[in-house]
There are 2 protein chains.
Amino acid sequence: MAGHTSSSIPEGVIERLPVYLNALMQVRDEGSGTVSSAKLSELTEVNSAQIRRDLSYFGSFGRRGVGYEVIMLIDKMQNILGSDHTHRLALVGAGHLGSAIASYNGLRARGFIVSAIFDSDPAKIGNRIGDIVVQDVSTLARAAEAQKIRIGIIAVPTTAAQEVADLMSAAGIRVILNYSPMIVRVADGVVVHNTDPVRELMHTLYYLSRAEGVA
Amino acid sequence: MAGHTSSSIPEGVIERLPVYLNALMQVRDEGSGTVSSAKLSELTEVNSAQIRRDLSYFGSFGRRGVGYEVIMLIDKMQNILGSDHTHRLALVGAGHLGSAIASYNGLRARGFIVSAIFDSDPAKIGNRIGDIVVQDVSTLARAAEAQKIRIGIIAVPTTAAQEVADLMSAAGIRVILNYSPMIVRVADGVVVHNTDPVRELMHTLYYLSRAEGVA
DNA sequence: TAGATTGTTAATCGATTAACAATC
DNA sequence: TAGATTGTTAATCGATTAACAATC
């Protein structure tokens, strides 16, 4: 579901990294200085052997007989992911979904700042969302370059998704998170992650029909 | 990342079903009566052999030398997924994320209706989102039973997620879509799908650091 | 018939996990 | 020392894909 440039580390490992980071922050907030892979396994529902193996792709961070030093491992994880500093986002689509993304506190809390919002609808251009003014999407390239934005979020209707992806690639954006159901194609060197929220819901539906069927 | 009841069909297959359905609808809207697995592969970025194999778990829907009849296959997919009728959702959390979910048109377009919204914040209870009044979360069980709601969406802060999951299970909700970063635990028979939107963003970050590193 | 495309087998590939020596 | 837990190997498991006979 994600096209990306090759690397020796499996995609699945990378996907679990943020899950580990999250669990580690929980553990830190509970005040533990040290944590075992068994404890992390409980919190993440990932097999403990897998956690150790995943971590070992990046180094030996633990101490046998003791576990992992929480603060240190958080640091390492943030370093590997690149979430040790904030990242500016360009958001295209100022509808319901876009507005929600722009005002979602969870983003800032984990190092993301929506620093520019775009739309093509004249009725929306000029509006404020939080403290950001919605700009015409035709100014995307200029703004992205000026603000050195590397990450773009697509929150537009299906029919406009590919077009926006093209604009983003041209604007020098290197990572695209696509919330529309349309699978977009981009040039090499741009990473797209397609993540349609309704798709997840439809997927869970399958299990619902089975449950009902039995009942 | 999703705990679910066992079945002989791999999780990956189920995850791809909505992707196929989406592509099929695209094809239908373009007016084609028939589609090959090769064409579907282009649209979904899923290997064509895999598409054929995935479909074969549910039956033989195609004609050799010809392909799949689009309308018929859409029907079959909807049938398998249970998206051949609308589903009512209970949404807990009337903050930014919750409001966005409630007013997102993409839901209704694919057969989901948010039919009740809950929060625990007295400042939010009584507010309207669209044409739905936010209710006290303590009335969840009553409302869910009265409206026969089987699907719940968690859109509350991390600290409240587990509590809400417990309430939902107790209310007879069978499928939970959890948008918080907290991995929640539920009783057998309840399916949870954890899908933190910021996690996806952090995950793509990894590829960004690599790209920057090279540049 | 010749060309196309499915459904399915068998081969490949990769990811998960159990197990355990190393070591704190 | 005894107990705990890592890092890593080897075994297992499952998913992906190439290939092709069946057949439209």
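Chain letters run A, B, ... following the sequence lines, proteins first and then strands; every chain starts at 1.
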Val66(A) or Arg53(A), whichever maps to the more 5' nucleotide of DNA chain D: Val66(A)
Pairwise distance CD(Glu30(A)) to CG(Leu43(A)) - rounded to 0.5 angstrom: 7.0 Å
Tell me whether the side-chain N/O atoms of [X] come closer than 4.0 Å to OP1 or OP2 in [N].
X	N	result
Tyr68(B)	dG7(C)	yes
Arg16(B)	dT16(D)	yes
Ser37(A)	dT6(D)	yes

Over how many whole Å does the gap from [X] atom [atom1] to [N] atom [atom2] extend?
X	N	atom1	atom2	value
Arg52(A)	dT9(D)	CZ	P	14 Å
Asn47(B)	dT6(C)	CG	C1'	14 Å
Leu40(B)	dG7(C)	CG	P	12 Å
Phe58(B)	dG7(C)	CZ	P	14 Å
Leu55(A)	dT5(D)	CG	P	16 Å
Asp54(B)	dT8(C)	CG	C1'	13 Å

Less than 3.5 Å apart, any donor N or O on the side chain of Glu11(B) or Tyr207(A) sitting next to an acceptor on the other? yes
What nucleic acid atoms does Gly67(A) come within less than 4.0 Å of, heavy atoms only: base, sugar-phosphate, or nothing? sugar-phosphate
Checking only heavy atoms, does the side chain of Arg64(B) share a donor-acceptor pair with the base of dT23(D) at less than 3.5 Å? no
Base of dT5(D) paired with side chain of Arg63(A) (donor-acceptor, under 3.5 Å): no
Under 30°, 30 to 60°, or over 60°: which ring-plane class applies to Phe58(A) and Tyr206(B), parallel, tilted or perpendicular? perpendicular
